Amino acid sequence: MAETLKARLLDSDRRGAVVDDLQLLVDAEVANKSGLSGGIVKTGYAAVKKVKPGIIPEAIDKMLDEFVEQLEPFWATFTTEAAGDFGTFLGTRPQEASEALLTVTDRRAERSNRAAITSVYGKLRPKARENVIEALPGLGAVIEKHARA
C-alpha cells in the first residue's frame, strides 16, 4: 500500500520544508498575475502580508493538515492509476481539485475574527477558483516532490 500524503507531508521532519515550498509557490503565483485582476490579487496579497508579517507561512502551516486531507483522494487515485506527474494529474481535474482546496480556505475565512483578512478574502474569492486552477501544476509538483522524498 502506498504511503499517504498525511504520513509523508505532515511528518515533523518534512513539514517546515513543505510550508516553505508552498509559500514560494504562492509568492510566484501572485507575482505572475497580470492585468486588472492580477493587480487586485497582488494588492490584496500585499495588504494581507502588511496586516501581519509572516502570515502567509503561518496560514499555510495552519491549513496544511486540511489541504492534505483534501488532496489525499487525488493522490490515492494518482498513485494507483496515473502516469506522469501529480501537477498534470490535478490539472486534468481542475474543477474538482480547486473546489476541494477552496473548501479549506472558505471554512477558515468563515471562522476568522480578523475583519481585514475576511474583507480581503471576500474580495478575492470570486476569482479564487481560476487562480487555484492556474496553480494546480505547481502545487502538484511541490506535493509530489515532498511525497516522494
Side-chain angles (χ1 to χ4, degrees), residues 3-12 14-79 82 85-147:
E3 202 167 1
T4 65
L5 282 181
K6 180 179 179 181
R8 300 295 293 170
L9 274 63
L10 304 181
D11 176 83
S12 61
R14 285 190 193 98
R15 188 180 186 109
V18 173
V19 170
D20 290 346
D21 282 353
L22 289 173
Q23 179 182 354
L24 291 173
L25 173 66
V26 172
D27 289 344
E29 287 293 322
V30 170
N32 288 330
K33 298 296 175 205
S34 61
L36 181 60
S37 63
I40 292 169
V41 169
K42 288 177 180 180
T43 301
Y45 189 67
V48 167
K49 288 172 71 173
K50 186 175 183 174
V51 167
K52 185 176 180 193
I55 193 168
I56 303 305
E58 179 184 313
I60 291 169
D61 189 50
K62 284 182 179 178
M63 292 186 283
L64 186 59
D65 292 46
E66 292 176 76
F67 283 134
V68 168
E69 181 181 318
Q70 292 298 320
L71 288 169
E72 197 75 65
F74 294 97
W75 181 255
T77 302
F78 168 72
T79 58
D85 62 82
F86 191 49
T88 300
F89 176 81
L90 289 175
T92 64
R93 294 155 176 79
Q95 302 304 322
E96 185 181 350
S98 63
E99 284 306 312
L101 294 167
L102 287 169
T103 61
V104 175
T105 56
D106 289 347
R107 281 192 304 249
R108 290 290 176 136
E110 288 171 8
R111 295 188 306 239
S112 178
N113 59 3
R114 294 185 179 138
I117 301 298
T118 304
S119 174
V120 170
Y121 185 78
K123 290 175 184 165
L124 297 176
R125 181 55 173 95
K127 288 283 208 179
R129 179 185 295 167
E130 177 183 319
N131 292 321
V132 171
I133 288 170
E134 290 172 2
L136 288 174
L139 174 64
V142 169
I143 298 302
E144 187 168 9
K145 170 188 170 184
H146 291 283

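Basis for what follows: all heavy atoms, side chains included, without hydrogens, waters or symmetry-related copies. It should be emphasised that the depicted structure is a prediction, and the values quoted were computed from it without experimental measurement.
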Determine whether L101 and L71 satisfy the following criterion, side chain to side chain contact (heavy atoms under 4.5 Å, CB included), listing intermediate values before the conclusion.
CA-CA 8 Å; L101 294 167; L71 288 169; 3.9 Å; yes
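- To the nearest 0.5 angstrom, L64 atom CG is 6.5 Å from L9 atom CG.
- Residues A147 and L5 come closest through the heavy atom pair CB-CD2, 3.7 Å.
- In this structure, D61 CG and L22 CG are separated by 10.0 Å, a value rounded to the nearest 0.5 Å.
- A distance of 8.5 Å separates CZ of F74 from CG of L136, quoted to the nearest 0.5 Å.
- The side chain to side chain donor-acceptor pair (under 3.5 Å) test applied to E134 returns K33, not counting sequence neighbours.
- Here the closest non-hydrogen pair linking E72 and K6 is OE1-N, 3.1 Å.
- When all heavy atoms of I56 and Q23 are compared, the closest pair comes out as CG2-CG, 4.0 Å.
- Checking side-chain atoms of S119 against main-chain N and O of A115 turns up no donor-acceptor pair under 3.5 Å.
- Side-chain atoms of K49 and D27, non-hydrogen and from C-beta on, do get closer than 4.5 Å to each other.
- In this pair, F86 and W75 present their aromatic rings perpendicular. The plane angle is above 60°, beyond the 30 to 60° band.
- Under the salt bridge (Lys or Arg N to Asp or Glu O under 4.0 Å) criterion, D65 pairs with R15, not counting sequence neighbours.
- For T105, the side chain to side chain contact (heavy atoms under 4.5 Å, CB included) partners are M63, F67, L102, Y121, not counting sequence neighbours.
- Closest approach of T4 and A7 over heavy atoms only: OG1-N, 3.0 Å.
- Evaluation of the side chain to side chain contact (heavy atoms under 4.5 Å, CB included) rule for L24 yields D21 as partners, not counting sequence neighbours.
- To the nearest 0.5 Å, atoms CZ (R14) and NZ (K145) are separated by 12.0 Å.
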Is there a side chain to side chain contact (heavy atoms under 4.5 Å, CB included) between D106 and R125 once you walk through the steps?
CA-CA 9 Å; D106 289 347; R125 181 55 173 95; 2.7 Å; yes
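- Partners of E144 under the side chain to side chain donor-acceptor pair (under 3.5 Å) rule, at least two apart in sequence or in another chain, are R148.
- To the nearest 0.5 angstrom, I133 atom CD1 is 11.5 Å from L90 atom CG.
- For E130, the salt bridge (Lys or Arg N to Asp or Glu O under 4.0 Å) partners at least two apart in sequence or on another chain are K127.
- Although no hydrogens or angles enter the test, the distance criterion places a donor-acceptor pair under 3.5 Å between the side chain of R108 and the main chain of K62.
- Here the OH atom belonging to Y45 is positioned 10.5 Å from the CD1 atom belonging to I55, to the nearest 0.5 angstrom.
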